[in-house]
Amino acid sequence: MNDLTQYAICIKYLLPEICLVVAILLAALWNLFVPKAKEWTPFFSLLGLTSAMWFLMKSWSSTALPLFNGLFTVDQLTTSFGLLACMVGAICVLMTVGYEHHLGRNRGEFYAILLTAVLSVMLLAGSTDLIMLFVSLETLSICCVILAGFSKTDARSSEAALKYLLSTAATTATLLYGLSFLYGMTGSTSFQAIRERLEMPMSSPTEMMGSVFLLVLLLSAVGFKLSLVPFHMWTPDVYEGAPTPVTAFLSIGSKAGGFVVALRLLVDVFGKQSSDWVIVVSALAILSMVVGNLVALAQKSFKRMLAYSSIAHVGYIMIGMLAVNHEGLGAMMYYVVVYGFMNLGAFAGAILFANETGSDKIDDYAGLIRKRPLLALGMSVCLLNLAGLPIPPAGFFAKLFVFWAGSSIQTPVGGIPLGALLVAVALATSVPAIYYYTQVVIKMIVDKPSAKVEALPKEKAYIDSPQEAPALALAMCLIVIVATGTTAVDPVMKFSKEAVKPLIARPSTVVPPVSLLEDASPFGRTAEIAGNTGLTH
Amino acid sequence: MEQFEMLKALAETNVESFMFYILATISILLAYGVILDRTIIRSGFILIGVFGSICGLFLLLQAQFLALAQLMIYAVGITLVVVIALMLTNPRMEKSQLSTAAPANQLGAFMVAVGLFMTIYLSVRPENWTLSSEPLDMNNVQVLGRALTTDYSLPFEFASVLLLAALIGAVMLAKAEKPPKPGEEDFEYSVVEDSAAEPVASKR
């Protein structure tokens, strides 16, 4: 009886995920059984995503609820990242509808795997146990590999999939190595128990070295997912070769997974050792900003340019995390939301353009405004916001908040506070960013039409053509950007601050974990560590 | 008789660590064999031995279930798949033409490896490890089963979603596919280079 009610509670909080699983199965099987009505698959996917969003909003609560004995925690962070993942998923589905002709006969499968990737981000957001974390991270990586290789007739797509597979396999090995040491040193897989163990005073220098070593191993995995600079090698090729909707998903969907892992592991579990990782992560962030922005200058391909610029943006976003306070994390979350929609909008525009011209070269965008004024204007808004120019000021505010929070970091590095250094680098590297983004905008608006644009037919209705879905995606992104830049700054900021609250203020009244075993810890280890029976040297 | 006494003394002190060293040596040597053998199919078979000795290590740790899973999944299942894949892709079983790295690179790699080993060794010293003095439950398969169906049911079930996605992806990637004939797909795009009058995207 008791067990059954516990199960019911767990199921109730997992309803969003269950909706998605149903949608995955439908997407995978619909084409098989009803091949005549295969254009319905994206609608089922959208339906699954919207119902998941509805359940997520219903389950929004200000107390953290650990399900499955702390394996999966439902708190504001889980819910908000779940909402973000679902929205990104929905926009990617819309983009895919206009991209389907590249996928051959594997359309239903594409949606199924895209939804699986979204689902794994949602589960990743709530993972508070190493096992759950690892399973969902692996699912995300495998789905991204498959998605990157979906254009089977395109050799670049296969190359992207293979590169991503090999680099993700290497990082997984590193991560698993790190996780096994973490388990060996703390004796538990639960984040809470690990945190409690790590918060105990370190007894010897080797132990401190051990925890730093662990941090390095874990950082390499997180850095790979976020494509921070030393771990960014895969990004440009995969972004360029993968089908464009997949690139859009990789640029924010799988990165959202990386951010939430970084938040849970670094800020929450290793929060006490923040002095250890702040320096390392700052170095990575500075490198990312410099390398990403400078290399983006030289790119000829639009997708490749966005790949390098996304590396730089992660650098900016990390500044918010480095502040490790409510303001900084809130600013980081705000940046993630705004950046996500700006980037998705840019990719939707790229799909619309590539569908008509078959090109992805920046030079080919010249003079687009003469033929497709709406598309050119929409893309311009996204790009100018990515550059951080205040037109409308969503991207500008995002940068402002992050820099403001970053400037409060006082950790001294060689005499100057770290915050000042970070913000100085960020401001200096924003200049090339403005140049390469506005260069595209100027080409589209001022320059003479390129041969490809010249060849475009006269104004054509978007309605009732395969272009309508990506156009809708672009329009949705634009609405969000304009809203977050003007009227909705406060609500979005409030949402962002709510989202990161569980990391800052640990709930004073801890809800007892919903467990299904009478003996709360299956191996008797967790309790032992939590109770600090201590180390045996 | 003397030897027997010696063996008995050894057995009383620490058979476990004795066995551990033997198994560890075997598995390390075999692992080197996997890397160094140039005939790829032979390294595939040596891999079975590596997994077998790792299975022995699990047995020493009294993790019977893991030991058997290791044996069944890795030593038999995965290696078999590897060998079959090799047979299908490289039927002549020739020596693979791997080029060796330049000596300068080799030296660099060696230095990195030594540095990494020292770092790992220094930071993961045995005194940092928490030892549990608790006796293991004899029915550890039972404990595992209960954990998998109760507290750990979420990752357990989610692993099936992972396998489903991997299966779909593998079938999709491996299936031979002809380029679609014109008219077979429901949308057909024509890049507008050839004829400007042609509609860009038409729905059929």
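Everything quoted here is computed from the prediction, not taken from an experiment. Naming: A, B, ... by sequence-line order, numbering from 1 per chain.
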Tell me, out of B:Asn140, B:Leu154, B:Val161, B:Ile168, who's got the most heavy-atom pairs with chain A below 4.5 Å.
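If we count pairs closer than 4.5 Å to chain A, B:Leu154 comes out on top.
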Which one wins on heavy-atom pair count under 4.5 Å against chain A: B:Thr119, B:Leu162, B:Leu164?
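Ranked by heavy-atom pairs under 4.5 Å with chain A, first place is B:Leu162.
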Report, by ascending residue number, the residues of residues 44-52 of chain B in heavy-atom contact with chain A at a distance under 4.5 Å; give 'none' if the set is empty.
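Expected list: none.
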For the atom pair CD (A:Gln6) and CG (B:Asp151), what is the distance rounded to the nearest 0.5 Å?
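It comes to 9.5 Å.
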Pairing residues for [X] by the side-chain contact (heavy atoms from CB on, under 4.5 Å) criterion, not counting sequence neighbours:
| X | answer |
| --- | --- |
| B:Ala67 | B:Cys55, B:Phe58, B:Leu59 |
| B:Met19 | B:Val15, B:Leu60 |
| A:Ser158 | none |

Examine whether an atom of [X] lies under 4.5 Å from a heavy atom of chain B, and if so say whether it belongs to the side chain, the backbone or both; otherwise answer neither.
| X | result |
| --- | --- |
| A:Thr189 | side chain |
| A:Leu214 | neither |
| A:Ser359 | neither |
| A:Leu14 | side chain |
| A:Ser136 | both |
| A:Tyr177 | side chain |

In the structure I gave you, are the side-chain heavy atoms of A:Asp129 and B:Tyr152 within less than 4.5 Å of one another anywhere?
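Sidechains of B:Tyr152 and A:Asp129: in contact.
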Measure the shortest side-chain to side-chain distance between A:Phe68 and B:Thr150 over non-hydrogen atoms and say whether it is less than 4.5 angstrom.
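In short, these two side chains do not touch, never coming nearer than 4.5 Å.
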How close do [X] and [Y] get, heavy atom to heavy atom, and via which atoms?
| X | Y | result |
| --- | --- | --- |
| B:Lys175 | A:Lys152 | O-NZ, 2.6 Å |
| A:Gly149 | B:Leu173 | O-CD2, 3.4 Å |
| A:Phe213 | B:Ile120 | CZ-CG1, 3.3 Å |
| B:Phe158 | A:Thr139 | CE2-OG1, 3.3 Å |
| A:Thr116 | B:Ala165 | CG2-CB, 3.9 Å |

Output the option from A:Leu25, A:Ile113, A:Leu217, A:Ile24 having the highest count of non-hydrogen pairs under 4.5 Å with chain B.
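Between A:Leu25, A:Ile113, A:Leu217, A:Ile24, the count favours A:Ile113.
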